[in-house]
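See below for the structure under consideration.
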2 protein chains.
Amino acid sequence: MIQSLNEHNREDLQEALSKGGQKLTPQREVVFAVLLAQRDHPTVDEVFNRAREVMPGLSLATVYNCLETFVGCGLVRQVNHERESTRYCPNLAPHAHFRDKETGQVHDIELPPEVMKSLRSILPPGFDSEVIEISFLGRAKANDSLNSN
Amino acid sequence: MIQSLNEHNREDLQEALSKGGQKLTPQREVVFAVLLAQRDHPTVDEVFNRAREVMPGLSLATVYNCLETFVGCGLVRQVNHERESTRYCPNLAPHAHFRDKETGQVHDIELPPEVMKSLRSILPPGFDSEVIEISFLGRAKANDSLNSN
DNA sequence: CTTGCGGTTTAGACTCATTCTAACTCTTTA
DNA sequence: TAAAGAGTTAGAATGAGTCTAAACCGCAAG
Ligand SMILES: [Mn+2]
Ligand SMILES: [Mn+2]
Ligand SMILES: [Zn+2]
Ligand SMILES: [Zn+2]
């Protein structure tokens, strides 16, 4: 079930959008709510299907547009694994992604600052990096659960 | 200019292929030679165009097939950055990739074992990973050069 | 030799995630 | 009320990658 955004989240969305010169629209609210409701790194199609339950007239093109807007505003990250469909993640903390080879599920892995630092330190002089993507592929046993909001 | 494989490299190719139950063919030799000749992480199309210079009848499908075979035999790695075309890398040492935002060039970054270890250590219990991909996005100034063979 | 077999190569058709286009809607401003 | 501009929409277009079926080739059996 997709609940609509609470005060706090709507404010965050509002602020990030206007900072990027964009407006808050009903479609954007729904798409953002979908991302927050279930943090399982859905594909565009998954977002589309979930969002349609609450806003049946919503189009796939709009879902693409909304997600692109969110990425542009820094509200959401794209997650790519090999050539699979792009997935979307509203977790703004620095983190890596772990994909379970069997289930296909994607899990967030917290990234301690000291690891970030050691990573940055391997760059030879002259290399300056803004973005570092880390992704694990393997098997994650059991104790899946806990969808925080 | 694409030179053909030397003794040593042909042996490596031969061995890796037969270990994977595959044969050494003229097409595979040419495609592999292209990868070794210029280690700039070419796309399939780039490999195709370079290989055609020395073997004009070669087909794009075969380039896809050869590269897939090499990946299967562990001779070559695929490199993906966001949704761009897949690139191919014959560097078998553990390394990360750095993509220059301006030029699009992809550079290898050596990965010291201690960094690999610190990365593996951030996985919570129950998570077991065989493959770790690390990619940097940013700007690399100058001192590009040195295409080792 | 000649034939048959299995793996490889080839051209071209196809797929499907993503991007593009152009019409439509909504809100704001004159 | 009209014009402007941002956002939304359906559907067409794109293009990297995959699939298919026919041709090819090296080799071993008859
Ligand atoms: Mn799992
Ligand atoms: Mn460079
Ligand atoms: Zn995430
Ligand atoms: Zn590489």
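Numbered from 1 within each chain, the chains take letters A, B, ... in sequence-line order.
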Reading 5' to 3' through nucleotides 10-30 of chain C, protein heavy-atom contacts under 4.0 Å coded B for base, S for sugar-phosphate only, - for none: BB-----SBB-----------
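- Between B:Asp108 and B:Arg77 no salt bridge is recorded (no basic side-chain N to carboxylate O distance below 4.0 Å).
- Checked by atom type, the side-chain pair B:His41/B:His97 shows a donor-acceptor distance below 3.5 Å.
- Proximity of B:Thr25 to the phosphate of D:dC25: no side-chain N or O atom is located under 4.0 Å from OP1 or OP2.
- Judged by distance alone, the side chains of B:Arg99 and B:Ser135 never bring a donor and an acceptor atom under 3.5 Å apart.
- Atom pair A:Arg52:CZ and D:dT8:P shows a separation of 17 Å (rounding to whole Å applied).
- Although no hydrogens or angles enter the test, the distance criterion places no donor-acceptor pair under 3.5 Å between the side chain of A:Asp100 and the main chain of A:Gln105.
- Atom CG in A:Leu67 sits about 15 Å away from atom C1' in D:dG7, given to the nearest Å.
- Contact between the side-chain N/O atoms of B:Gln22 and the OP1/OP2 oxygens of C:dG7 is not found at any separation under 4.0 Å.
- For A:Glu7, the CD atom counts as loosely surrounded, since its 6.0 Å shell holds 12 or fewer non-hydrogen atoms of other residues, nucleotides or ligands.
- When side chains are defined from C-beta on, B:Lys117 does not count as touching B:Pro113, because their heavy atoms never get closer than 4.5 Å.
- At whole-Å resolution of the value, CD in A:Glu82 and C1' in D:dT18 are 16 Å apart.
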